[in-house]
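Working notes, structure below.
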Amino acid sequence: MPKNDENKPPQPSGSSKTDIAALLHMLIESQKDRDKRQEERDKERDKRQEDRDKRQEERDKRQEERDKERDKRQEDRDKRQEERDEALNTKLSALADSMKSVTDSMKGVTDSVDNLRVNMLRASQPHMTPASFSASMPNEESPFASPTAERTQHASYLEDPLSTPIRVHKVAAKYTTAHYYGLGRKNETQGVRTAELLEHLGEGWLDAYNAVSDEDCITVAKSTRDFCWRHNYATLASEDCRQVVVNELFGAVEALLKSQRTSDTTMLCWEDRHECPMSNGRKPDGILIAKVYGLDTDWQSVVVSVELKSLDHGHSDNHLRGQIFQNFLDMSENQPRRYMLGLAVAGKCQVRAYLCTPSGIVSSNIGYLQSADKVTEDHKLFIRFIMVLYKMLPRDYGFLPLKECGVLDRFMFKDIPNCKLSDTGISNTTVTVSGRKTFGGRHAMLIGPQSWIYRAHIRGADGSTTSDAIFKFIWHPKDGSEVAVHKKVQEMGIPYIPRLLYSATIEVGNQGQNFKKKLQGEILVIEDAGLSVYEFALGVIRGGRSNRLIDIFAGYMHTLLAAGSVDEDIYVLHRDVSIGNLFVCKNQPVIIDWGCGMIAQRIVPRIPSEIEFVGTAPFMGIRVLQKSLTRTIIDDLESLFLVLAHIVWNVYGTKDSNYQVLWGKTSDIQDVADSRTRWLDSETHFINRMGLKQEESVLIDLVKRLYKLLFPADIRISEICESASDPRKVKFKPKKWLKEFEKAAKKSSVTEMPCLVKLREFVKTNPRLGPPGNTFESGKRKTDDRRDSAVFDMEEPPFKK
């Protein structure tokens, strides 16, 4: 056999090939079975997953429905809670009003109430100048109330008469939850950074803030933290805990400054007042006072007020802000200020600072109150802010003037910052304020025009000249000036105007972009105006000398007519004739407060103030209350008529008459307008609703006659309210007014009436006195200077003087 055949592999037989094929087939079939089973398992798994997904979707859907139902139930609960809160606030307000009514009624039946009221008038000399009004904040019992308890209750509305700009909030009893909520909602704040807030305070504040060392902040923070540890104040959840910790914090700051021997320059002192009321009964949680005043602690000396709340800022913001803002009102009641500061601690001990200026209110988050937690940067920020307050000087606290004693005692014109005097020689003139309180002014609002009026004694720089006078400080828009109007009426030779002794302007400087209103200050020192017309009226009427009051009102009319007469194409409307601006000095009538006055030109367009309409609500003319765009001298004369009607109502009215029926709620300008329209709708309504006694009186007769002149029978009151131009202009004749005063004088059987004689001479000397002219605002606002444009209605020219 050949050798190569021995090395070949054995060839499989036919049976072996069949076995291999069968094996392969078996393996393939087995794999297919496995794949099929795997596919079935996959399908089953996918199906189970789909079922799980479907069940999850159903659960999610049911959860979503439950969430919606829960949210709806929560909304319903919140709504019911709000309704309960509102109902509770309403009941509290009604209860407070009822308590005040009972108290006033008890006062009304005391012995010799008339004499007591006259004594109060002589002591306080209230003057009722126009005030930005909040009906929920009467200062004290009004001296203008009638002897009846009902009118005594409502006469407090005159305590803070309404003036433009109108800012009305919900009427609530004084110092109730509803009152604070209303005050908080009414005054909105703008959030700013801490640096911006410090810049608004003035030069040096931001530098002083940055100069406070971290070591001092850490020292105070650790001292406060250790105190919290020792007394187990871990969370500071309650207001009581926060009160204790705040006291400790301020005490630690004062102790540190004293240890550094800086107490000589530290002008502030912390006081916990949440259990110790202030002079008006209110109890702020704490105050920083200027201890250099050397007086009993009162709102005038407060530099910063502090309020604490356990709720979050978002939940208690309106109420908390309302308390802070009421503190501001109390702080500025008798003390003019450039600005005021307040601190609020709420929520998780977050601290918010409020800065109030006449131009606006801003707030800033300035850190957190230190607790038992570790010291953080947020804790140090608050302490740094407090340290700055202690290190500033009295002139930096916003008081006007800058003297340490403020305006409460004595100061010179040079002590007033940024003061530009009309005569530089009076910078050393001394003003001594009589008492520590104002007797008038409009400072019941936080933003916008404000004023403070004091009786004062003026001593010249050389000490040789002294005089009693009225000192008035005003914040007003830059496009208005009471000094300019007062000087103009003096130049025109208008009678019965007090002489302007001194005047000055105060530039506020850069008020920043956060404040929309740009204001400036003015100072007026005028001759003493004597007694208010109401006090004078009480004396002469009860003394049987009503004729003197007729003569005084004839003098007031003379002043308004002379000012409304065209002099070199210019005339002046007072626009705020009210019981607070009419005085009697040495048996001569005096009209003060020309701050709302309008210098009008007959031909040349003028640019008036930004404010829509001005005046004191109870004495506004009916067209003014209806926001008519025109103003004429008839509106001033109608206000004069209402002052006389108010005096007659107080003296001769019966208990059946009601204050609000006649004068309305002065917190709501529309309510005043509606009440006035119903009252003056007819002569019968006018007489009956005043409840005048059925007795002979020349004053009652004069009021009735003047009513017929202002509201003639052939002109419906709806025409007067709705016409674009006052329909009474055509029939206005000063001679008719003079005739009615002369009839009243003859009926009184007294011939000595010097003011009436001068009025008669004025009317006879100007026989062409006719319908007065008026201005009307076009309603189109310029975008460049944000002021209203106004031209004259030449339909009927102003009468010649």
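Residues: numbered from 1 along the sequence shown.
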Contact list for residues 365-381, test salt bridge (charged side-chain N to carboxylate O under 4.0 Å, His left out), sequence neighbours left out: Glu377-Lys380

Interatomic distance, CZ@Arg273 vs CZ@Arg282, rounded to 0.5 Å, equals 12.0 Å

Does the pair Asp33/Lys36 count as a salt bridge with the N-to-O cut at 4.0 Å? no

Tested for side chain to side chain donor-acceptor pair (under 3.5 Å) against Gln74, the lone hit among Asp78, Asp76, Asp71 is Asp78

Can any side-chain N or O of Ser223 pair as donor or acceptor with the backbone N or O of Thr219 at less than 3.5 Å? no

Donor-acceptor under 3.5 Å (Ser364 side chain, Ile366 main chain): no

Pairing residues for Glu239 by the side-chain contact (heavy atoms from CB on, under 4.5 Å) criterion, not counting sequence neighbours: Lys309, Ser310

Applying side chain to side chain donor-acceptor pair (under 3.5 Å) to Thr376 and not counting sequence neighbours gives His379

Measure from the side-chain N and O atoms of Glu196 to the backbone N and O of Arg193, and report whether any donor-acceptor pair falls under 3.5 Å. yes

State whether the side chain of Asp285 and the backbone N or O of Leu308 hold a donor-acceptor pair below 3.5 Å, judged by distance alone. yes

Do Gln260 and Asp216 meet the criterion of a side-chain donor-acceptor pair at a distance under 3.5 Å? yes

Strictly distance-based, threshold 3.5 Å: is any side-chain N or O of Tyr397 a donor or acceptor partner for the main-chain N or O of Met392? yes

